[in-house]
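These notes are about the structure you will find just below.
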Amino acid sequence: MASFEVRAHIPRFLILEGSSPQATLVLHCNSDVEADELVPLCRGIVSILEMSLYHPHVVYGGGCMETMLGAYLQQKLRDGVTSETLAQLQCDRRTYISVINMIVTSFDLVARYLGRAGGLVVSDLSTHHCWQFPSVDELEGMSQDQQTSVLAIKACSCGAVALSELPHGCQWRCLHPGEVVPSVLMEAAGRIGLSPMVEQDSRRRSHCVSAIDLSFMKMKAVELSGELASSLLRIAYVLRAAT
């Protein structure tokens, strides 16, 4: 097995190479505490890479999957729910609507915190993707030409849809509770001339997805969240230690 040394400033990293399909990763640590933190981190990263080989499916990242799932649930609410479904779920119509709205709010919360800190996060009601824009203060501090330049090359959080591909008059939904899309953003979007275009067809888009999530990991996260919610609902009593 051949070995060579790579110097990336300080410290030095030792990479072992050979004909075997197995590889050896040597971690350089300055203390036992650092090693105790670094070893499980590297194991977790390798484990994720291994799972991606067994489950090579991806979904839209950057919060777009969450906003699309939220839009799907909202459409289910608009379609209505049958008495048979309510009987299977063992709940009334008001509880059903309340739970769906809470799930949609949870998806919005995840999408918001996947974006840049302090920025404005919205979802369009055409593609239901997630869009991250500068904050209101940042937009108001720009000239109209600067605002136009920022929005002209803007894509959604996962990079699959360009802002210019949205149809004219497409409605936006602000993911910040109790807030609406500010007028400064709507005025800036109007200056780039949003209108229906042939490029909206996914087969003719020149944009590629630049942010993706592992489908297996996303499904596991949703599954674990559901199990945690079910466990909390089954709790009948809460004991609190006396202070």
Nearest heavy-atom neighbours spanning Ser157 and Trp131: OG-N, 4.1 Å

Walk me through whether Leu69 and Leu73 qualify under side-chain contact (heavy atoms from CB on, under 4.5 Å). CA-CA 6 Å; Leu69 287 173; Leu73 292 176; 5.7 Å; no

Report yes or no: does Ser123 contribute a side-chain atom to a donor-acceptor pair with the main-chain N or O of His129 at less than 3.5 Å? yes

Below 3.5 Å, can you tabulate the donor-acceptor pairs from side chains in residues 140-149 to any protein atom, sequence neighbours excluded?
from: Ser143; atom 1: OG; to: Gln146; atom 2: N; distance (Å): 3.3
from: Gln146; atom 1: OE1; to: Ser143; atom 2: N; distance (Å): 2.9
from: Gln147; atom 1: OE1; to: Arg191; atom 2: NH2; distance (Å): 2.4
from: Gln147; atom 1: NE2; to: Leu139; atom 2: O; distance (Å): 2.6
from: Thr148; atom 1: OG1; to: Gln144; atom 2: O; distance (Å): 2.9
from: Ser149; atom 1: OG; to: Asp145; atom 2: O; distance (Å): 2.9

Quick one: are Phe133 and Val181 in side-chain contact, heavy atoms under 4.5 Å? no

In Å, rounded to the nearest 0.5 Å, how long is the span from CZ of Arg112 to SG of Cys130? 11.0 Å

Side-chain heavy-atom pair Cys156, Thr127 within 4.5 angstrom cut-off: no

Could you pull out all donor-acceptor pairs under 3.5 Å where a side-chain atom in residues 31-40 meets a protein atom, sequence neighbours excluded?
from: Ser31; atom 1: OG; to: Glu34; atom 2: N; distance (Å): 3.2
from: Glu34; atom 1: OE1; to: Asn30; atom 2: N; distance (Å): 3.3

Is the backbone of Leu166 close enough, under 3.5 Å, to the side chain of Ser126 for a donor and an acceptor to pair up by distance? no

Could you report the tightest heavy-atom contact between Gly61 and Cys158, atom names first, then the distance? O-CB, 3.3 Å

Would the distance check show the side chain of Lys154 and the main-chain N or O of Gln132 forming a donor-acceptor pair, the cut-off being under 3.5 Å? yes

Excluding sequence neighbours, so at least two apart, what forms salt bridge (Lys or Arg N to Asp or Glu O under 4.0 Å) with Asp124? none

Please tell me whether Leu125 and Leu151 are part of a single hydrophobic cluster in this structure, the criterion being side-chain heavy atoms less than 4.5 Å apart. no

Name every donor-acceptor pair, under 3.5 Å, that has one atom in a side chain of residues 100-111 and the other anywhere in the protein, sequence neighbours excluded.
from: Asn101; atom 1: ND2; to: Ile97; atom 2: O; distance (Å): 3.2
from: Thr105; atom 1: OG1; to: Asn101; atom 2: O; distance (Å): 2.9
from: Ser106; atom 1: OG; to: Met102; atom 2: O; distance (Å): 3.0
from: Asp108; atom 1: OD1; to: Arg173; atom 2: NH2; distance (Å): 3.3
from: Asp108; atom 1: OD2; to: Arg173; atom 2: NH1; distance (Å): 2.8

By side-chain contact (heavy atoms from CB on, under 4.5 Å), which residues pair with Gln75, not counting sequence neighbours? Arg78, Asp79

Drop me the distance from Arg94's CZ to Asp92's CG, to the nearest 0.5 angstrom. 7.5 Å

Would you say that His128 contacts Tyr72 through its side chain, given a criterion of any heavy-atom pair below 4.5 Å between the two side chains? no

side-chain contact (heavy atoms from CB on, under 4.5 Å) partners of Leu86, counting only residues at least two apart: Val81, Cys91, Arg93, Tyr96

Which atom pair, heavy atoms only, marks the closest approach of Val136 to Pro182? CG2-CG, 3.7 Å

